[in-house]
2 protein chains.
Amino acid sequence: MPKVGMEPIRKAALVKATITEIGRVGSLDVTVSQIAKRAGMSSALAHHYFGSKEQIFLAAMRHILTLYGAEIRGALAAADGPGARVEAIVRASFASGSFRREVIGAWLNFYVLAQTLPEAMRLLGIYQGRLHSNLVHALRPMIGDRAEQLARGLGAMIDGVYLREVLKGGTPDGAAAAAMVLDYLDRELEGA
Amino acid sequence: MPKVGMEPIRKAALVKATITEIGRVGSLDVTVSQIAKRAGMSSALAHHYFGSKEQIFLAAMRHILTLYGAEIRGALAAADGPGARVEAIVRASFASGSFRREVIGAWLNFYVLAQTLPEAMRLLGIYQGRLHSNLVHALRPMIGDRAEQLARGLGAMIDGVYLREVLKGGTPDGAAAAAMVLDYLDRELEGA
DNA sequence: TGTTTTCTTGATTGATGAGTCAATAAACTT
DNA sequence: AAGTTTATTGACTCATCAATCAAGAAAACA
């Protein structure tokens, strides 16, 4: 039944299956066979297209980062004025998509991957850099040079609140998390 | 050469070796043999004393939490006055011990473990609860009922700053990280 | 039509690793 | 001294898994 032009389809299916499996198992202890099975193909085919398990993981990570980036871009497009832009970024960071079981699992495990795989650390760096520059861009018209510093604080706060929300067990409350960060933001801004 | 009373000694050695190996490898992909070898014994003996790899991991996690708790208690003992107490907690959280390679690896991997092992999540909950109540206790004399809220923010900020400092690559700068959190604290307090 | 490329998998390889067990020996107990 | 408990390991089992390969079958090409 071989049809031609399968490569992108297969790869996409594998990436999706990888994220699902990591979320299901809760760790990087997923076998290529599990992934391939969920993606509806043999493990040999997975190796054929990606070469190694490591490459599959990296592709999955790129995909998560892409999704997150799209979420942010979408939110920014619908926001006008600096204040609205900052708020949009924060809210997008805690959108329901970020709290899906498999996305949580992916993030936590990518932190771990970054300890070993330089490429994974590079990707995380890109994510942090983009978040930072988005925040600075939105904050500069409001507070000028203090934007840099506040953006760093906000970035850390976002990650920290996310981590706690995720680790506290039970169903995460994205709205409450966003509200917490926005409260912090308000207090920082009123002083200026 | 069997001497009696080896159990606690062996267990302690295994726990230490576990943390070292997790830090070295950067993930939970450590074999019992590796751990046992570093601890100077056979893998069979490791199984004899702990029963399973999972139990070894949990023991290691308890140990990390104990060390952290001791660091905090030590810092608190040398601090008088509420302000000094909060500052002590923050500084202790970013003490050099927290940034040792193996401690970093342990924390990140415990986050992942908590996704799978309920006991691991319970232990993390204890850590967060203690940190929170320490902060509230120190903050209440200064700001009364707002202590709860600020303690939550501070806790998240500590975790977030730690995570970023750890993931940015290169040598982490504990002093800079602590300063960042203390700046945040100052701004929150001056408004009250 | 014959040849090459793409797609696909079952079977296999080779390695690794968690956990068990039987056996040895030293130390305590009675 | 005989028996029990504690310490210790080498050898083994059983399972898993990443990666490879040979081979088949459909499409594209010449």
Side-chain angles (χ1 to χ4, degrees), chain A residues 1-61 105 109-110 112-113 116-117 119-120, chain B residues 1-61 105 109-110 112-113 116-117 119-120:
Chain A
M1 320 142 183
K3 284 177 187 169
V4 123
M6 282 287 99
E7 177 156 355
I9 297 170
R10 292 302 200 184
K11 279 192 165 182
L14 283 168
V15 162
K16 198 178 161 200
T18 302
I19 295 167
T20 304
E21 283 300 294
I22 290 180
R24 197 179 61 77
V25 178
S27 82
L28 295 177
D29 267 320
V30 240
T31 72
V32 175
S33 297
Q34 276 167 29
I35 294 170
K37 186 173 184 181
R38 178 166 296 264
M41 73 195 79
S42 72
S43 71
L45 196 53
H47 276 103
H48 173 67
Y49 281 126
F50 276 105
S52 77
K53 190 175 167 178
E54 187 176 300
Q55 291 304 314
I56 300 180
F57 280 160
L58 288 175
M61 189 164 168
N109 281 288
F110 289 160
V112 168
L113 250 199
T116 338
L117 268 183
E119 174 69 4
Chain B
M1 319 137 188
K3 285 179 187 167
V4 122
M6 283 285 100
E7 178 156 355
I9 297 170
R10 294 302 202 184
K11 279 192 166 183
L14 283 168
V15 161
K16 197 177 162 200
T18 302
I19 295 167
T20 305
E21 283 299 293
I22 290 179
R24 198 179 59 78
V25 178
S27 84
L28 296 176
D29 268 321
V30 231
T31 72
V32 176
S33 297
Q34 275 167 30
I35 295 171
K37 186 172 184 183
R38 179 166 296 263
M41 74 196 77
S42 72
S43 71
L45 196 52
H47 277 103
H48 173 67
Y49 282 127
F50 276 105
S52 76
K53 192 174 163 176
E54 188 176 299
Q55 291 305 314
I56 300 180
F57 280 160
L58 287 176
M61 191 165 167
N109 281 288
F110 289 160
V112 168
L113 250 199
T116 338
L117 268 184
E119 174 69 4

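Numbers restart at 1 for each chain; the letters A, B, ... are given by sequence-line order, proteins then strands. Since we're looking at a predicted model, the values are computed, not measured. Note: hydrogens, waters and symmetry copies are ignored here, and every other heavy atom, side chains too, is used.
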**Request:** Might you confirm whether atom NZ of B:Lys37 has over 12 heavy atoms from other residues, nucleotides or ligands at distances under 6.0 Å?
**Result:** no
**Request:** Figure out the CD/P separation between B:Gln34 and C:dG17, and round it to whole Å.
**Result:** 6 Å
**Message:** So if I take every side-chain heavy atom of A:Glu7 and compare against D:dA19, C:dG19, C:dC7, which nucleotide ends up nearest?
**Reply:** C:dC7
**Prompt:** Please give, in whole Å, the distance from C:dT9 C1' to A:Arg10 CZ?
**Reply:** 11 Å
**Request:** May I ask you to say whether B:Glu21 pairs ionically with B:Arg24, meaning some side-chain N is under 4.0 Å from a carboxylate O?
**Result:** yes
**Fill in**
Nearest heavy-atom approach of A:Ala17 to A:Ile35 is CB-O, 3.5 Å
**Request:** Could you pull out the closest heavy-atom pair between B:Ala13 and B:Met41, with the gap in Å?
**Result:** CB-CE, 4.4 Å
**Item:** Spacing of B:Ile35 atom CD1 relative to C:dG19 atom C1', expressed in whole Å
**Value:** 14 Å
**Asked** D:dT9 C1' sits how many Å from B:Met6 CE, rounded?
**Response** 16 Å
**Request:** Return the minimal non-hydrogen interatomic distance between B:Ala36 and B:Leu14, and the atom names on each side.
**Result:** CA-CD2, 4.1 Å
**Message:** Just to be sure I understand the geometry, which residues of residues 40-50 of chain B put a non-hydrogen atom under 4.0 Å away from DNA chain C?
**Reply:** B:Ala44, B:His47
**Message:** If I take atom NZ in residue B:Lys53 and atom C1' in nucleotide D:dT16, what distance separates them, rounded to the nearest angstrom?
**Reply:** 13 Å
**Request:** Could you check if a side-chain atom of A:Thr18 sits within less than 4.5 angstrom of a side-chain atom of A:Val30, using non-hydrogen atoms only?
**Result:** no
**Message:** Wobble G-U and Watson-Crick pairs count when both distances are under 3.5 Å; given that, what is the 5' to 3' dot-bracket string of DNA chain C, with | for pairing to other strands?
**Reply:** ||||||||||||||||||||||||||||||
**Item:** Minimum heavy-atom distance B:Phe50-B:Val15, with the two atoms named
**Value:** CZ-CG2, 4.2 Å
**Prompt:** Expressed in angstrom and rounded to an integer, what is the separation of B:Ile56 atom CD1 from C:dG17 atom P?
**Reply:** 14 Å
**Smallest separation among heavy atoms of B:Lys53 and B:Thr31, with atom names** = NZ-CA, 4.5 Å
**Request:** Nearest whole angstrom, please: distance from the P of D:dT16 to the CG of B:Asp29.
**Result:** 17 Å
**Item:** Over 12 non-hydrogen atoms of neighbours within 6.0 angstrom of NZ in A:Lys11
**Value:** yes
